[in-house]
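We name chains A, B, ... by the order of the sequence lines, and we start the count at 1 in each one.
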Amino acid sequence: MRTKKLFLGVFALVVGGLAACSDNLEVLNENNPDLERVYKEPTDIEAVVATLYRTYHQGTQGAAEGLNSQSKAMSFESYGQVANFGMNLRGLIPRVAIDNSRGNQVAGGNNNNWSTISRLMRTASVATQAVDRMLAASATMGDAGRNLRSRSFGFFVNGISLGTLALGYDSIHVVTTKTAAATIPAFVGYAAAMDSALRMLDSAITVMNAAVVATGMTTIPAAWINGGSADMTPAQYIQLVRSYRARLRAGVARTPTERTAVNWTLVLADAQNGIATDHQVLLSSAAGGWSSSLDAGTFQTSASWHQVSLLYIGMADTSGAYQTFANAAGYTNKIGMDVLVLTPDTRWPSGTTRGAQTAASALPLVAGQYISNRDPGGDQPDNSNPSGTSQYDHRRWFAISQNTGNGTYVFMPKVEIDMLAAEADIRVGAGAVALPLVNASRAAHGLPAYAAAGALAPGGTGCVPRLPNGACGTLLEAMKYEKRMETQLTGYMQWFNDSRGWGDLIAGTPLHWPVPYQEMDTRNQAFYPMPSAGTLGVAAVGTYGF
Amino acid sequence: MLERVGMRRLGASILALLLSFATAEVVSAQSAATITGRITNETGQPLFGAGVGIEALAIRVGTDEDGRYTITVPGARVRGQQVVLQARLFGYAPQVKSITLSEGSQTHDFVLRTDVNRMTAVVVTGVAEGTEKTKVPFTIAQVTAEDMPVPGANAFSQLQGKVAGMQISSSTGRPGADPQILLRAPLSINASGRGQQPLVIVDGIIFQGGISDVNPQDIESVEVVKGAAAASLYGSRAGNGVIQITTKRGKGQTNDGIRFNVSTEYGASDIERDPGLSRSSGLVMNEDYSRYCVVTVAPAPGGQPACTWTTSMEQEIRRVNDIVAPVTLATRSFIGDAGISSAPTGTMLRHNYQVNPWVRTYEPVKQMLTNGAFMNTNVSMSGRIAGTNVFGSVSNLNQAGSVLYLDGFDRNGFRLNADQQVGENWSISGTSFFSKSYSDGQNFVGGNARPWFSLSRTPAFANILGRDSQGRLHPRHNPLVQGNQNYNPLMDLAFTRQYQEDSRFLGSLAVKYRPFTWADAEWNFGYDYATGTAEAMRDKGFRTSAQNISQPAGFFARGNAFGQSLNTALNVTMRRQLTSDLNGSVSLRYLYEQQDNLSDGLSGGTIAVAGLRTASATTTGFSISSGQSTVSQIGLFATGRLDYMGKLIFDGLVRRDGASVFGIDNRWQTYGRASILYRPSEEAWWFAKDVVNEFKLRAAYGTAGNRPIFSAQYETLSIGSGGTLTPATLGNPLLGPEVVRETDIGFDAELFNRYGVEFSVIKAVADDQILLVPISASAGFSNQWRNAGTLTNDIVEGALNVPILEAWNGVSWSTRVAFDMPKSKITQLDVLPFFTSAAGAQGTAAMFFIGEGEDFGNINGVAFVTSCREFPAAFQARCGEGKEWQKNDDGFVVWVGQGNTWREGITKNLWNAVNPASDSPWGATASRTNQWGMPMRIRNADGTAVSTNVNGSAIPSLRWSMGHNVSWNKVSGYVLFDAIQGRSVFNLSRSWNYGDLMNVDIDQNGKSVETAKPIGYYWRAGSGDGIGLGGLYDALGPSNLNVEDASFVKLRELSVGYRIGRLGRYGDWSVNLIGRNLLTWSDYKGFDPETGLNGGTNGSGILNAVDGFNFPGLRTVTMQFNVGF
């Protein structure tokens, strides 16, 4: 009996002892950080802030799939007949609604920017709050200037992220630097969201000014702002913030009416104090490099991905072929391939025959030339939509694509901001002030100057721009032409935002995107297509009659 | 806190149970005996390896080649008591004799009867201790070495077709790859990072990693527990079932002596099927059809192309390849080239037919394949050395595979198993195994720019073995316009060094202590250690085509992985006769498991100096990574069993599991089982004793779990390149396991002492599905793992054993048929519906729709109209024979117009016709679906193509197998047919071939003017002339054309053997002809209907039913020689 009891007793003791020992069920994840570890030290917070703008760049430029590619097809900034990235679908004429049903053909693309930029918006908010907590705890990143620089940068990226969402989507969740961690904000309209975005940019400027005053802080590191070797001064940083403020304030308008109603005085003030040179980023294929997979990547490879549509910038042509193309049988005729653009604009290839222009299109293009006339063997005609196809390609970034994604890319052209100033001047009745801005851009590319704000483009039938109806363009049209030429394949949704406000989109084009169904699902709310009942309609017949 | 309270209660219960057993009887010792005898079968043949033993004394010995045995009972244990002497051999019904154990010798012979249905076989999986199958109240399948006369290259592949409800699919034929296993039906909607594989236990070692290291010929038996009702014993890792493998041991030898067995197998492998290519083209040719026109001047719109000069394919291939530079020249454009990256006009698409035979053709598939050697050699020993029973083996498997330039798989294995009785009450068993393997071409399985992809896009005229004037392979073997796929598939194979080397150690130790007849205790420890190195290198100077311009710079990558898994358990089992008819037993167990993993990798590009195999030689594109994880788990459980006269048995189990991968607020889980068995055939009143001699009714309900992946519970941010931190998953402290609740009801019967029947109806409800749920982007994080759904499976399965002939004129013939019919449905979803892809394959993003009420595994996609009923109501009356829309010879409904038939496209020149948009079934936006004669996609009312048409299912409706064993004198034969019915596969390879017009379906040579179709019929299903006329190539995704019925019947295994016997005076020789995967009967148009992509959300190549340039399964024929001595 004693043996039995001993046997059972030993077993019970061993099992009981082992069972009570469950500490080894606590295992730390050493592969991925959590928020607590990420924001533990002031320098950790600064390290996060340092990556915010690069994430913004990657979120808008680094992904081929998103609103950027779709909007380029809708505004004919770029045309490609492949089904990837929704380009083919969004390029269709007549236009189709933006399907937002579960698993739709462009489900990933519609949600891409929403997801990445929204998450960045939250990260910027969390980082800014971490700075505030650090300040409240009297901790420091090193000095007061650095502390405030990070705070300003948080406001900046929070603001442009929110503003970017407001450009593309009809409703937006607003996350600010004060939004509590557990809060999932309700949606507001794009205009209200943009107001919040602009206020955060106001704060970014205010805080940066305070940073300068605090310690005389002198740099925004290049790694933070452009991936290059050139740091930015606080003044240059504020110019950049103001440029974004001008771009966003004007670009949010969905219709000509809304664009007219924009506070152009504020736009003018920002544009006039905007960037003094192109805002360039140094693209790099190295780990952590800034990239542009679409504009300076995929689009530079072949005509099946991208070719120049002449629908808008065909106004460069002085031969009359463009007018025939634009007016024949509406715009779905079959002659798109045959328009040979003869123009004094040096951004186009020189020559009066295709052979000559092809010869003048050796890649990489010479400085100042953006467009090439491809070898005929590479033509990609799309007879269902000839408005999109031509014998031209935009090859401004060809060298980058050939250099495996390395090179200098213009993320925000100075001319874009200048043209915003010019538009503001024109809209507030100060065309004469706009005149030199437009003429300066024209002169840089071989186009003659406008004589006066009220004049038409000089050159008679050889004028540029020459509208579909054959008339020479007004100063406003010249501004639009210049802005299109200079912003093509730069930035984010550039042509689309302008075209909807200018009333130039092809009739029936949706004016923005619905909140992706993926987001609506997370909130258990019904999703909707665009256009949809109760939302804005589609573009009406526009400036040029299509 | 709750856990701690629960733990205390459990501890108190254990103690109470232990104390109740402390009142058991004590057996006192007496004296000694020697028992000898002989075991034979019904025909008097001696049975080698039969076990004879006295269970009460824990003594068991084996018979020698003459069937003789000797048991020596130490004198101290002999007291003149009555004991039960039992003789047992797998495949025979055991026999027992009650004897009086007394000093001196006594003889007891046994004649064992064949147990065709193995009712009396002992199983050890899912039960507390070894139990006869007739007394197990749930389903456990058992496969022994005798059932596997065809040794597999892999331990699992040799189980194919042998267990009802067990689908084993070699979704890749790459030598060394583990097959995929699905027991009954999938239980996880999202098995990402976990898979749908069952828990694998080898000799008590809870496995992690692949099984390919284990030598299949070491295996003695395999037990398969297919569902939670039986697997609840294994708790949080057993939701998908359990496979327990027992390797051979030297048990049963009473005297020292070793028996050796040597077998060697040699043969070759190949690939059975070739999908075929179009052997004609639509290119414009010269007058005598010997050369092809080259575009030099763009054709006028709508006009004829300008064929100013011609060339041959050979000339063009030479021109672009035979150069000094590593990158080939750009090719010229051929008139009429409608490859995927060209832009054929509507005119071309309507009027070009692939009718001109290529001037010269090759067999690209055959060119890339070889009859690779298959060699399998095993030397094993079994017996007793100095009182220790041992089994050892040395093995080598070399499977060259069938792909040119690849070395295949090579494995060397060493095993030593030993068992030692220590004194009267103790025994020790040890297992050790080490293997080293080499596998070539780890990643040459699928994906773009990989050989099978490039091969699938190689046209019939291209010679992939072609070489230039310097003897170098042509990188650009195909000058057509196809994007980067016109790249010689052999280039990667020949010039990329890519391999994986693995080392594996498996070890286990078990110590048993049996101090009393009513109780025993066991401690065991299992250890699984694996290291692996993978390396890939393309040297500097690699030649390539222009589409891969960065490749000549070369790259190097190397990764290392280390993993270990250990488990240790302490178990005590107590038995007691409660009444004269009622026996009870209780088993208590503590189990600790831990898995550790480490990995690291580095890679770089642009190799500075050719020939250096080091990352230090790379100069660009550096990448480094590493990771580690530890998962630990504690299990405490108690099982109880009541046996009433062997005919009414109750079995119950409670298990409490704590696991580190559960959320911190939900760390402990409870599982359980209740099962009952009733054998009315044991009742006196049983009316059909002569007809149904054995009838067992069983019902079991049990729960088991599936754990989350390591990182699921944690809040995580990802660290991107350059240190960018991006919130990824929101942590979930409440995350728990998927809990599978299974009910298994069925019966086992034996009729006329011959025919065996097994039948089960199973319902498995997998609650708390672990899903990666998207959360609002405004939260910053993108997803959170949550328990949020239920997957319900209904399965019917059964098996039939039929001994057709038993010793009829020396011929024996038996057959076994097994089948199962699984259904899987999402019965609850606590999140909104979503789509999942097939392992991320292009075009499959919306292939599987996850919604409440949906059948799991359904393949969604677009559909071409095949029935007038699919039209809007207003158009149905206008559709049918003799009407405006008719069904053509491919089964598609096409528009032909009033007064026409679908046969008149050429004779009436109708292919140009277009039905006005206003008269089209789905309105203006779909107007181009009404091109004459072209297939149309089913559309919604708004004109958008329906993308959620159910085109098939990845889960078969029926699986069955039929095995035959035949023997006649010294000749034996075995044949196994294995079949899947009702499973569909998205044939991505074929679909993409339509894009390049290379599929054999598109070859119009030999067709009549009535049935011939222009290339536009097959080309893109786009909505405009420039991008297709509405053709069948459907922009990558699944459709009702390319989702094919992949039902098949395979001649899976064949073995014909002849036992030679002694040669001279030596050995026992036999020779076998062996075939594996010999023949496939299927309408499937790809290489192999048994295909799929591993991994992804579905976690299984069985569910990811996509034929995406996969390595086809291998067919192998070998000769095997065996000798035992």
**Report entry** Proximity breakdown for B:A779 and chain A, heavy-atom pairs closer than 4.5 Å
**Finding:** both
Query raised in the report: Picking from A:S118, A:P33, A:A303, A:A50, which has the most non-hydrogen pairs under 4.5 angstrom with chain B?
Result: A:P33
Requested in this report: Would you mind checking which part of A:S304 comes under 4.5 Å of any heavy atom in chain B, side chain (CB onward), backbone (N, CA, C, O), both or neither?
Outcome: neither
Query raised in the report: Are a donor atom and an acceptor atom from the side chains of A:T522 and A:Q518 found within less than 3.5 Å of each other?
Result: no
Query raised in the report: Using a cut-off of under 4.5 Å for heavy-atom pairs, which of B:S782, B:S626, B:G635, B:P727 has the most such pairs with chain A?
Result: B:S782
Report summary line: Cut-off 4.5 Å, heavy atoms of chain B, and the answer for A:T123 is side chain
Report task. Tell me, for B:Q713 versus chain A, whether the close heavy atoms (under 4.5 Å) come from the side chain, the backbone, both or neither. Result -> neither
Query raised in the report: Looking at A:V38, A:T183, A:T179, A:L35, which one has more heavy-atom pairs under 4.5 Å with chain B than the rest?
Result: A:L35
Query raised in the report: With a 4.5 angstrom heavy-atom cut-off, which part of A:R523 approaches chain B: side chain, backbone, both or neither?
Result: side chain
Requested in this report: Identify which part of A:N111 has an atom lying under 4.5 Å from any heavy atom of chain B, answering side chain, backbone, both or neither.
Outcome: neither
Query raised in the report: Between A:R37 and chain B, which part of the residue has a heavy atom less than 4.5 Å away: side chain, backbone, both or neither?
Result: neither
Query - Contact leader toward chain A among B:G658, B:S718, B:P833, B:G627, where contacts are heavy-atom pairs under 4.5 Å - result: B:P833
**Report entry** Worked verdict on A:D521 versus A:R102 for side chain to side chain contact (heavy atoms under 4.5 Å, CB included)
**Finding:** CA-CA 9 Å; A:D521 271 357; A:R102 186 171 285 117; 2.8 Å; yes
Query - Whether B:F516 and B:W518 hold their rings parallel, tilted or perpendicular, with breakpoints at 30° and 60° - result: parallel
Query raised in the report: Any side-chain donor-acceptor pair under 3.5 Å between B:Y592 and A:N24?
Result: yes
Report task. Classify the angle between the aromatic ring planes of A:H173 and A:W114 as parallel (below 30°), tilted (30 to 60°) or perpendicular (above 60°). Result -> tilted
Query raised in the report: Side chain, backbone, both or neither: which part of B:I719 has a non-hydrogen atom closer than 4.5 Å to chain A?
Result: side chain
Report summary line: Ranking B:S778, B:S660, B:S623, B:G731 by heavy-atom pairs under 4.5 Å to chain A gives rank one to B:S778
Query - Selection from B:S776, B:S632, B:A846 maximising heavy-atom pairs under 4.5 Å formed with chain A - result: B:S776
Requested in this report: Using non-hydrogen atoms and a 4.5 Å limit, figure out which bit of A:I172 sits close to chain B: side chain, backbone, both or neither.
Outcome: neither
Query raised in the report: Highest number of heavy-atom pairs under 4.5 Å with chain B: which of A:V48, A:N29, A:L165, A:N32?
Result: A:N29
Query raised in the report: Between the side chains of A:D99 and A:Q105, does any donor sit under 3.5 Å from an acceptor?
Result: no
**Report entry** Distance-only side-chain donor-acceptor flag, B:N783 / B:T729, under 3.5 Å
**Finding:** no
Query raised in the report: side-chain hydrogen bond (donor to acceptor under 3.5 Å, both in side chains) between A:N104 and A:Y517: does it pass, once the steps are laid out?
Result: CA-CA 10 Å; A:N104 70 82; A:Y517 78 87; 5.5 Å; no
Query raised in the report: Can B:N597 and B:Q595 be said to form a side-chain hydrogen bond (donor to acceptor under 3.5 Å, both in side chains), step by step?
Result: CA-CA 7 Å; B:N597 284 287; B:Q595 297 88 45; over 6 Å; no
Report task. Would you mind telling me which of B:F622, B:F662, B:F710 has the largest number of heavy-atom pairs within less than 4.5 Å of chain A? Result -> B:F710
Requested in this report: Determine, step by step, whether A:T51 and A:R54 satisfy the side chain to side chain contact (heavy atoms under 4.5 Å, CB included) criterion, reporting the C-alpha distance in whole Å, the side-chain angles of both residues, the deciding distance to 0.1 Å, and the verdict.
Outcome: CA-CA 5 Å; A:T51 65; A:R54 182 176 57 191; 3.4 Å; yes
Query - Donor on one side chain, acceptor on other, A:S285 and A:N406, under 3.5 Å - result: yes
